[in-house]
Amino acid sequence: MRTHGIRLDPVLIQAAIAAALSFAHLHDLAAAAGQDGWKAWAYPISVDLLLVAAWRRLRSGTAKAAGWCWFIVALVASLGANVATAGLLDLGDVPAWLRILVAGWPAVAFLGGTLLAHGTPDLEEALVPDQDEAPAPPVPPAVPELPASDPQPAAPPAAAPVPPALVALARKVADDHRTRTGTDIDTPTLRTRLGVPLPLAEAIAAQLA
């Protein structure tokens, strides 16, 4: 029976060491700023969670501007604690402005985490329905062959089904337009707001009527 040894990844070891040191520096700074007890331990956890949330948003490929913004905010908080506790700041006499920053960090972290975790979905996500909810494509009825002497015009192709999520999004856009202007939204305006082709916009407008 063949056994596999445990491989130690130097990158993961380095990341664990850096995280532990940064965690300790954030704890020391929070304690020096008057956040004693369990609160001093909660601060580094809050900074690390915001970093992870911002990194996941960057990896997802959506709303990268928000991801970079909050990643830099959390990185500055972590890096600032590392520099402040390296002997450049007297932890026995923390200035008032730093106490204010430390006391206000929980609200900033809550706002950033909420925006990163519950951001508005992109239109591309609304255009793609879930596989469980996607309607099956209609099966066109069989058309018998007509004699060559009596040709008949071909039946128009069946319209493609509109995803329910897109119809719901279009309904919200139409309601907002009616609230602001007092009139129903027309097809060209609906097409511009949704950014979809004209045939799809016409199909959506027919369902909104």
Side-chain angles (χ1 to χ4, degrees), residues 11-12 14-130 163-166 168-180 192-195:
V11 177
L12 293 179
Q14 178 68 19
I17 294 174
L21 291 174
S22 179
F23 192 96
H25 292 157
L26 283 165
H27 168 269
D28 294 345
L29 183 62
Q35 308 296 327
D36 54 351
W38 66 269
K39 293 181 289 185
W41 294 105
Y43 273 82
I45 297 176
S46 174
V47 174
D48 290 344
L49 287 180
L50 185 59
L51 276 172
V52 172
W55 177 248
R56 290 188 61 183
R57 174 57 64 89
L58 292 175
R59 291 290 301 274
S60 68
T62 60
K64 285 191 174 182
W68 275 115
C69 176
W70 290 109
F71 184 82
I72 292 175
V73 169
L75 185 62
V76 168
S78 178
L79 184 60
N82 296 338
V83 174
T85 55
L88 300 180
L89 179 67
D90 183 7
L91 297 182
D93 185 18
V94 178
W97 62 267
L98 185 55
R99 291 177 180 271
I100 295 174
L101 287 179
V102 172
W105 170 256
V108 175
F110 176 77
L111 175 62
T114 302
L115 293 178
L116 290 173
H118 302 286
T120 304
D122 293 341
L123 178 60
E124 296 180 358
E125 297 179 0
L127 291 176
V128 181
D130 294 336
L166 184 56
L169 180 62
R171 197 175 303 280
K172 292 181 180 179
V173 172
D175 293 342
D176 178 70
H177 181 84
R178 187 181 299 109
T179 301
R180 290 186 295 101
T192 302
R193 294 286 301 275
L194 295 179

Mind listing the closest non-hydrogen atom pair of [X] and [Y] along with its distance?
{"X": "V94", "Y": "A33", "value": "CG2-N, 4.3 Å"}
{"X": "D176", "Y": "R193", "value": "OD2-NH2, 3.9 Å"}
{"X": "A30", "Y": "A40", "value": "CB-CA, 4.0 Å"}
{"X": "Y43", "Y": "A103", "value": "OH-CA, 3.8 Å"}
{"X": "G67", "Y": "A54", "value": "O-CB, 3.5 Å"}
{"X": "L26", "Y": "S78", "value": "CD2-CA, 4.2 Å"}

Would you give the length of the straight line joining atom [atom1] of [X] to atom [atom2] of [Y], rounded to the nearest 0.5 angstrom?
{"X": "L51", "Y": "I72", "atom1": "CG", "atom2": "CD1", "answer": "11.0 Å"}
{"X": "W38", "Y": "I45", "atom1": "CH2", "atom2": "CD1", "answer": "10.0 Å"}
{"X": "L75", "Y": "W68", "atom1": "CG", "atom2": "CH2", "answer": "9.5 Å"}

- line: Sorted by chain and residue number, the salt bridge (Lys or Arg N to Asp or Glu O under 4.0 Å) partners of D175 (sequence neighbours excluded) come out as R178

- prompt: Under the side chain to side chain contact (heavy atoms under 4.5 Å, CB included) criterion, do W105 and L50 qualify, and how do the steps go?
  reply: CA-CA 11 Å; W105 170 256; L50 185 59; 3.7 Å; yes

task: Begin with the C-alpha distance, continue with both residues' side-chain angles, and end with the deciding distance and a verdict on side chain to side chain contact (heavy atoms under 4.5 Å, CB included) for L58 and W70.
output: CA-CA 10 Å; L58 292 175; W70 290 109; over 6 Å; no

- request: Give a yes or no answer on whether the side chain of T114 reaches the backbone of F110 with a donor-acceptor pair at less than 3.5 Å.
  value: yes

Enclosure of R99 CZ (heavy-atom neighbours >12, cutoff 6.0 Å): yes

message: Under the rule for side-chain contact (heavy atoms from CB on, under 4.5 Å), what residues qualify as partners of W97, not counting sequence neighbours?
response: P95, L101

